[in-house]
> 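Next up is a structure, given as structure tokens.
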Amino acid sequence: MLRVVWIWASAALLALVTGCASTQSQVSPGANLKSYKQVFIEQPAEDKWAIYPALFAELTDMGMVVVGKPFSDPKETDLIVKFSYETGWDLTQYLHSFQFQFIEAQSGRIVALQSFHSKGIWLGVRDGRLKAAFNELREKNGYPPTKQFP
């Protein structure tokens with residue numbers, strides 16, 4: 001009986017460690033985030049995983065100025081970023097998935113989408129996930145890797 005419990009526990013741990021994660025970055029044809037100078041980040045009512053400050057730091061490092069209020073008269077170089085996320089449970093609570101939408105403030109056109117989805121906590125509950133997503137977004141737009149996460 002003990003052997004059966006050990007086998008099941010080992011299988012559960014293996015499934016947890018080898019969970020499937022996907023990161024997807026899409027940039028509109030002819031678009032590049034380097035074209036944008038100012039950005040307003042719309043955040044949901046609750047930001048349990050402190051995504052806003054991580055996104056703020058990342059965009060600032062990418063050379064953008066993050067403004068504190070929506071644009072009243074947006075320019076071609078202004079960008080709005082919206083994000084959403086879902087929390088999951090796998091022995092503990094973790095950041096299951098999230099999505100960033102980069103929207104040109106003047107036209108409303110979606111310039112880029114970044115998403116992350118994982119079925120387990122193998123990349124940690126937050127930082128490893130954000131690092132993977134930011135690095136893919138940076139690569140697609142010609143930026144060096146993130147300095148934010150070790």
> Just so I know, are the side chains of L113 and Q99 near enough to count as touching, which here means a heavy-atom distance under 4.5 Å?
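Result yes, sub-4.5 Å side-chain heavy-atom pair found.
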> Can you tell me if CD on E139 sees more than 12 non-hydrogen neighbours from other groups inside 6.0 Å?
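Atom CD in E139 is not packed in, count stays at 12 or less.
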> For the residue pair L79 and F102, what are the closest heavy atoms and their distance?
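In this case the closest contact between L79 and F102 is CD2-CD2, 3.9 Å.
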> Is it true that atom CD of E42 has more than 12 heavy atoms of other residues, nucleotides or ligands lying nearer than 6.0 Å?
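Atom CD in E42 is crowded, with more than 12 foreign heavy atoms closer than 6.0 Å.
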> With a sphere of 6.0 Å drawn around NZ of K75, does it hold more than 12 non-hydrogen atoms of other residues, nucleotides or ligands?
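At most 12 heavy atoms, drawn from other residues, nucleotides or ligands, come within 6.0 Å of this atom.
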> Hey, what do you get for OG1 (T146) to CG (N135), rounding to the nearest 0.5 Å?
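With rounding to 0.5 Å, OG1 (T146) is 6.0 Å from CG (N135).
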> Specify the closest pair of heavy atoms between V67 and F40, including all atoms of both residues, with the distance to one decimal.
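The answer is O-CD1, 3.6 Å.
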> Kindly compute the distance separating NZ (K82) from CD1 (I41), expressed to the nearest 0.5 Å.
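With rounding to 0.5 Å, NZ (K82) is 13.5 Å from CD1 (I41).
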> Quick one: does P53's side chain get under 4.5 Å of D47's, heavy atoms only?
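A side-chain contact exists here, since the closest heavy-atom pair is under 4.5 Å.
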> Using side-chain heavy atoms (C-beta onward) and a distance below 4.5 Å, is D61 in contact with R138?
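Answer yes - side chains close enough.
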> Please examine the side chains of E104 and Y36, heavy atoms only from C-beta on, and report whether any two atoms are closer than 4.5 Å.
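Yes, side chains in contact.
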> V81 pairs by side chain to side chain contact (heavy atoms under 4.5 Å, CB included) with which of V66, V111, V39, I103?
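When V66, V111, V39, I103 are each tested with V81, the side chain to side chain contact (heavy atoms under 4.5 Å, CB included) holds only for V39.
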> Enter the distance from Y85:OH to R126:CZ here, rounded to the nearest 0.5 Å.
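Taking OH in Y85 and CZ in R126, the distance rounds to 11.5 Å.
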> Quick check: closest heavy atoms across Q148 and A57, and the distance to 0.1 Å?
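Heavy atoms of Q148 and A57 come nearest at OE1-CB, 3.8 Å.
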> CG/D127 to CG/L95 distance, rounded to the nearest 0.5 angstrom?
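Interatomic distance, D127 CG to L95 CG, rounded to 0.5 Å: 10.0 Å.
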> Parallel under 30°, tilted from 30 to 60°, perpendicular over 60°: which one fits the rings of F98 and F116?
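F98 vs F116 ring planes: parallel.
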> Step by step, would you call F134 with Y143 a ring-ring contact (aromatic ring centres under 6.0 Å, His included)?
CA-CA 10 Å; F134 288 148; Y143 292 97; over 10 Å; no
> With a 4.5 Å limit on heavy-atom distance, are the side chains of Q38 and F71 in contact?
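Side-chain contact under 4.5 Å: yes.
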> Can you tell me how far apart CH2 (W49) and CZ (R129) are? Round to the nearest 0.5 Å.
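So the CH2 of W49 and the CZ of R129 are separated by 8.5 Å.
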> Please round to the nearest 0.5 Å and tell me the distance separating atom CG of L130 and atom CD of E58.
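One finds 8.5 Å between CG of L130 and CD of E58.
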> Do L33 and L137 have side chains that approach each other closer than 4.5 Å (heavy atoms only, starting at C-beta)?
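Of all side-chain heavy-atom pairs linking L137 with L33, at least one is under 4.5 Å.
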> Less than 3.5 Å apart, any donor N or O on the side chain of Q93 or K48 sitting next to an acceptor on the other?
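Per modelled atom types, Q93 and K48 side chains form a pair under 3.5 Å.
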> I need the minimum non-hydrogen distance between H96 and G88, along with the two atoms involved.
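It is CB-N, 3.5 Å.
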